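See below for the structure under consideration.
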Protein chains: 2
Amino acid sequence: MTDKQTRLLDAALELFANDGYNATSTSKVAKAAGVSEGLIFRHFGNKRGLLDALMAEAERKLATVLAPVLFATDPEATIGKAVELPFAIDPGEYDFWRLQYKLKWEKGYHHPQKMKPLLDKLCWAFSELGYSHPEQEAQLLSQVLEAIATEILRAGNPEEWRPYRTFLRWKYLG
Amino acid sequence: MTDKQTRLLDAALELFANDGYNATSTSKVAKAAGVSEGLIFRHFGNKRGLLDALMAEAERKLATVLAPVLFATDPEATIGKAVELPFAIDPGEYDFWRLQYKLKWEKGYHHPQKMKPLLDKLCWAFSELGYSHPEQEAQLLSQVLEAIATEILRAGNPEEWRPYRTFLRWKYLG
DNA sequence: CAATTTTAAGTGATTGCTTACTTATTTTTT
DNA sequence: AAAAAATAAGTAAGCAATCACTTAAAATTG
């Protein structure tokens with residue numbers, strides 16, 4: 001991985017995340033990276049290859065973010081860590097995560113069910129805590145957390161959601 | 001509003017909703033409408049004018065959908081009608097609503113806070129029912145409903161969410 | 001070790017094609 | 001026949017991708 005390759009990836013991430021994949025031209029990416037346009041196709045084959053290289057990191061990063069929840073041992077800690085998730089995202093990686101959400105709606109990119117492990121763990125936690133509908137409770141909390149994350153990524157305003165975080169902790173952990 | 005104008009709007013709605021605004025060319029819209037491309041610019045000025053004409057209906061349609069909630073007189077009915085919202089969308093209008101959500105992520109289209117009236121009404125309902133954090137409860141339910149709607153619009157599978165609807169009714173209305 | 005060959009990285013001009021949009025002309029309506 | 005609606009044939013700019021080519025770094029040889 002040469003210097004210019006990483007500069008291409010950095011530029012592509014920023015532009016894809018902010019303007020969208022389809023709306024970003026390869027010439028823009030090359031110009032932003034300070035590199036010739038042809039280099040994109042030498043190193044990544046085509047425009048989509050550039051996106052794929054970016055997404056290859058996704059699974060690893062998601063696993064890192066979800067780890068505190070998935071490796072929690074008791075149900076209360078599981079839910080507590082889950083509530084922290086939207087606030088645990090490194091602001092330096094907002095571009096990366098915003099790209100994930102944007103791709104949900106971009107053409108020709110099928111969105112896999114990456115949140116299943118989180119859902120399963122939450123289901124276990126609610127079950128342990130005696131909730132009568134653990135599956136649906138897990139679904140609900142997961143939806144709420146994803147909604148918060150989406151808003152934070154779109155507006156970049158994690159501080160505005162702090163009171164809501166407190167509310168969720170009170171609601172679920174007393 | 002001539003026949004060919006409505007055919008242009010119909011074609012534009014379907015293509016914009018499925019492929020995205022930026023990813024849809026004016027020539028495709030014209031071809032799908034069975035009409036010459038220049039007609040778009042004669043009637044709507046430019047490509048964006050086509051989108052704006054589509055969005056002009058948005059407020060009216062949203063008001064129609066939200067009416068059962070906003071005009072409910074007691075808090076239980078308010079929440080009950082709110083839970084029905086994602087399932088009350090006419091499948092013939094999925095394209096229209098999917099376009100709304102897609103635009104959230106498309107460049108250069110600022111997303112206004114159209115859900116405020118719903119949020120306020122839910123806040124009132126939770127307050128009436130003695131919830132200690134009505135504002136956050138309203139926020140939470142609103143997020144959940146929007147998440148359901150988003151999924152139904154993306155996958156077109158309202159039936160899969162019926163059990164979840166039952167759960168929400170049980171959770172909020174006993 | 002130095003000369004030679006091979007491989008990889010990088011460039012930028014150019015490709016055929018698509019884009020949003022315009023202009024001139026024809027058809028339809030009143 | 002005048003006005004409006006619609007078309008067909010454009011335009012210039014932008015697109016992803018390819019091209020012949022240069023430079024730099026390894027690898028192979030004598």
Side-chain angles (χ1 to χ4, degrees), chain A residues 1-58 95 99-100 102-110, chain B residues 1-58 95 99-100 102-110:
Chain A
M1 184 71 77
T2 69
D3 171 60
K4 305 215 171 185
Q5 280 182 61
T6 48
R7 282 168 63 189
L8 272 174
L9 287 174
D10 289 347
L13 175 57
E14 187 187 326
L15 289 167
F16 288 172
N18 291 319
D19 303 346
Y21 171 74
N22 286 314
T24 301
S25 69
T26 50
S27 71
K28 262 190 203 161
V29 174
K31 197 164 286 182
V35 146
S36 76
E37 192 179 355
L39 206 58
I40 291 174
F41 301 93
R42 169 160 300 275
H43 285 308
F44 303 99
N46 52 31
K47 187 187 175 187
R48 177 55 182 267
L50 197 54
L51 177 63
D52 290 341
L54 248 22
M55 302 304 291
E57 288 180 281
D95 274 350
L99 177 58
Q100 307 296 316
K102 255 201 167 103
L103 286 176
K104 267 196 191 181
W105 297 97
E106 294 251 8
K107 170 154 202 192
Y109 197 88
H110 181 251
Chain B
M1 183 72 73
T2 70
D3 170 60
K4 307 220 169 186
Q5 280 181 60
T6 46
R7 281 167 66 188
L8 273 173
L9 287 173
D10 289 348
L13 175 56
E14 186 187 327
L15 289 167
F16 289 172
N18 290 319
D19 303 346
Y21 171 74
N22 285 314
T24 300
S25 66
T26 49
S27 70
K28 262 190 204 161
V29 174
K31 195 165 288 182
V35 145
S36 77
E37 190 181 353
L39 209 56
I40 291 174
F41 302 92
R42 169 173 180 81
H43 286 308
F44 303 100
N46 52 30
K47 186 187 174 185
R48 177 55 183 264
L50 198 53
L51 178 63
D52 290 341
L54 248 21
M55 302 305 290
E57 288 180 283
D95 275 349
L99 177 57
Q100 307 295 317
K102 256 202 166 103
L103 286 176
K104 267 197 190 182
W105 296 97
E106 296 250 7
K107 170 151 207 194
Y109 198 88
H110 181 253

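All values reported here derive from a predicted model rather than from experimental measurement. Just so we're on the same page: letters track the sequence lines, and every chain starts at 1.
Taking atom CZ of A:Arg42 as the reference point, atom P of D:dA17 lies 15 Å away to the nearest angstrom. A:Asp3 places its CG atom 20 Å from the P atom of D:dT23, with the value rounded to the nearest Å. Going from atom CD of B:Glu37 over to atom C1' of D:dA5 covers 17 Å, rounded to whole Å. Taking atom NZ of residue A:Lys47 and atom P of nucleotide C:dC17, one finds them 19 Å apart after rounding to whole Å. Computed from coordinates, the A:Phe41 CZ to C:dT11 P distance equals 14 Å when rounded to whole Å. In this structure, A:Leu50 places its CG atom 11 Å from P of D:dA17, rounding to the nearest Å. Straight-line distance from the CZ atom of B:Arg48 to the P atom of C:dC21: 11 Å, rounded to whole Å. Atom-to-atom, NE2 of B:His43 to C1' of C:dA20 comes out at 18 Å; the value is rounded to the nearest Å.
Take the nearest nucleotide of DNA chain D for A:Gly45 and for A:Ser27: the residue whose nucleotide is more 5' is A:Ser27. When the nearest nucleotides of DNA chain D are assigned to B:Gly38 and A:Gly38 by heavy-atom distance, the more 5′-ward of the two goes with B:Gly38.
No hydrogens or angles considered: a donor-acceptor pair under 3.5 Å links the side chains of A:Glu37 and A:Thr26.
Considering only heavy atoms from C-beta on, B:Leu99 stays 4.5 Å or farther from B:Asp95 through its side chain. Side-chain atoms of A:Val29 and A:Phe16, non-hydrogen and from C-beta on, do get closer than 4.5 Å to each other.
The line from NZ of A:Lys102 to CG of A:Asp19 is 7.0 Å long, rounded to the nearest 0.5 Å. Here the NZ-CG distance, from B:Lys31 to B:Leu15, works out to 12.0 Å after rounding to the nearest 0.5 Å.
In this structure, A:Thr2 reaches the sugar-phosphate backbone alone: every heavy-atom distance under 4.0 Å involves primed, P, OP1 or OP2 atoms, never a base. Within the nucleic acid shown, B:Ser25 comes within 4.0 Å of sugar-phosphate atoms alone, with no base atom in reach, counting heavy atoms only.
Between D:dC15 and A:Thr26, no contact under 4.0 Å exists linking OP1 or OP2 to a side-chain N or O. The shortest distance between the side-chain N/O atoms of A:Lys28 and the OP1/OP2 oxygens of D:dC15 is not below 4.0 Å.
Listed nucleotides C:dC21, D:dA16, D:dA17 differ in distance to A:Asn46; the shortest reach to its side chain belongs to D:dA17.
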